[in-house]
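Lettering follows sequence order; numbering is per chain, from 1.
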There are 2 protein chains.
Amino acid sequence: MGDSPADSSLRAFMGYDMKRAFTAIQSDVNATLQPFGLRMLTFSVLTVIRDNPGLRQSRLAEVLMIERPNLVLILDELEGMDLVTRTRARDDRRAYELKVTLKGRRLCDRAGQAVAEHDARMARGLSAEERAALHRALRQIESNGRSSDDAGEISRP
Amino acid sequence: MGDSPADSSLRAFMGYDMKRAFTAIQSDVNATLQPFGLRMLTFSVLTVIRDNPGLRQSRLAEVLMIERPNLVLILDELEGMDLVTRTRARDDRRAYELKVTLKGRRLCDRAGQAVAEHDARMARGLSAEERAALHRALRQIESNGRSSDDAGEISRP
DNA sequence: GATATTGATTACAAGACATAACTGTTTTCG
DNA sequence: CGAAAACAGTTATGTCTTGTAATCAATATC
């Protein structure tokens, strides 16, 4: 039952270890959120709206780094569950202001707690320092990735 | 251009930080591998076969935790590029023995080096200890995820 | 006031992943 | 031995996540 040294050279790469850890977390978090009718993605959206009432879809898409079109279905879903509301902005009638309903706020709180507990379980065996170091490392990597966005690609004429 | 504190509460969750870091790595690695005609997934497959000549598809699928049917297309692709060969096993005529061609070996080496360089770029700002700690943390999380596979689900009668 | 820009949407395609069902081969064991 | 179960690989199919192009209405620009 051990994949022994079969993938040992891949283990040297960050991407591989990261993918495996992320897959583990992702599927586990999704299982955790299922009783709430949420997924990792919908939970993220819900949480950001909760923290930023009146947020608009474009901005939300920016924050979560997802494309606007993809957000539409997610919001349809959350709106259909009576967790968020889309109301036209007074000052700009093509935009929507997003808010979380009372029901949404309650669900978000309970789900957030479940995810936190789940995180603790997934981090068993790691000290508080190690967990903090993990977060730092992940953010550093993310920001390194961002900066190479423009650098890489094609040298523009 | 800063998503400021908009997603600050999500940042407390491992899954969120992990997803963002992983997405960054993934897209960057794929860009790195594109000149070689590879993706993260095909590169992983190629590398494991390279390290385990004669490996069979079922075992390969196990090692990489992907479903057998999905492996078929990937191997078709790699075989079509003359990077790997499928040869019927003498002792078991329903199985294939997978091997990497000379061309495949060369490509794998060059691609592997490119990915290693890329990893170094993505890990800028992290000391050797921090990088080692990251790998340790990721594996710990992965293994914590594994163990909850049976625990979670349904208590079997 | 015509033109461009923007917010949200629709329609569509590609990729990763999972499941069920099928072919052919090997193993099991009554 | 020979039927039944197990196994390697495949096909067909569906879902989920993500990305791009094009559309529509409203606003901004000049």
May I ask you to verify if any side-chain N or O of [X] is less than 4.0 angstrom from the OP1 or OP2 atom of [N]?
X        : N       : value
Arg86(B) : dT10(D) : yes
Gln57(B) : dT10(D) : yes
Arg39(B) : dA16(C) : yes

Most 5' of Leu71(B) and Gln26(A) on DNA chain D, judged by nearest nucleotide |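 Closest to the 5' end, via its nearest nucleotide, is Leu71(B).
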Assess whether salt bridge (charged side-chain N to carboxylate O under 4.0 Å, His left out) is satisfied between Arg131(A) and Asp119(A), documenting all intermediate values.
-> CA-CA 10 Å; Arg131(A) 269 181 270 128; Asp119(A) 263 32; over 6 Å; no
Start at the 5' end of DNA chain C and walk down; is the nucleotide closest to Lys19(A) or to Tyr96(A) reached first?
->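 The answer here is Tyr96(A).
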Is NZ or CZ of Arg56(A) both nearer than 6.0 Å to the six-membered ring centre of Tyr96(A) and within 45° of the ring axis?
->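 Judged by the rule, Arg56(A) and Tyr96(A) form no cation-pi pair.
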Determine, for Phe36(B) and Arg110(B), whether the Lys NZ or Arg CZ falls below 6.0 Å from the six-membered ring centre while staying within 45 degrees of the axis.
-> no
Quick one: does Arg94(A) reach the base of dT6(C) with a side-chain donor-acceptor pair under 3.5 Å?
->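 Donor-acceptor pair under 3.5 Å: yes.
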Ignoring hydrogens and angles, answer whether the base of dA26(D) and the side-chain atoms of Asp92(A) contain a donor-acceptor pair closer than 3.5 Å.
-> no
Select base, sugar-phosphate, or nothing to describe what Arg68(A) touches, counting heavy atoms under 4.0 Å on all strands.
->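 Since a base atom lies under 4.0 Å of Arg68(A), the category is base.
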If you look at every strand shown and take non-hydrogen atoms under 4.0 Å, does Leu41(A) touch a base, only sugar-phosphate, or nothing?
->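 Sugar-phosphate only.
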Sidechain N-carboxylate O distance under 4.0 Å for Glu142(B), Arg139(B) =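 Answer for the salt bridge query: no.
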Can you check the Met65(A) CE to dG19(D) C1' distance for me, whole Å?
-> 14 Å
Minimum-distance nucleotide to Ala95(A) side chain [options: dT25(C), dA8(C), dT11(D)] | dA8(C)
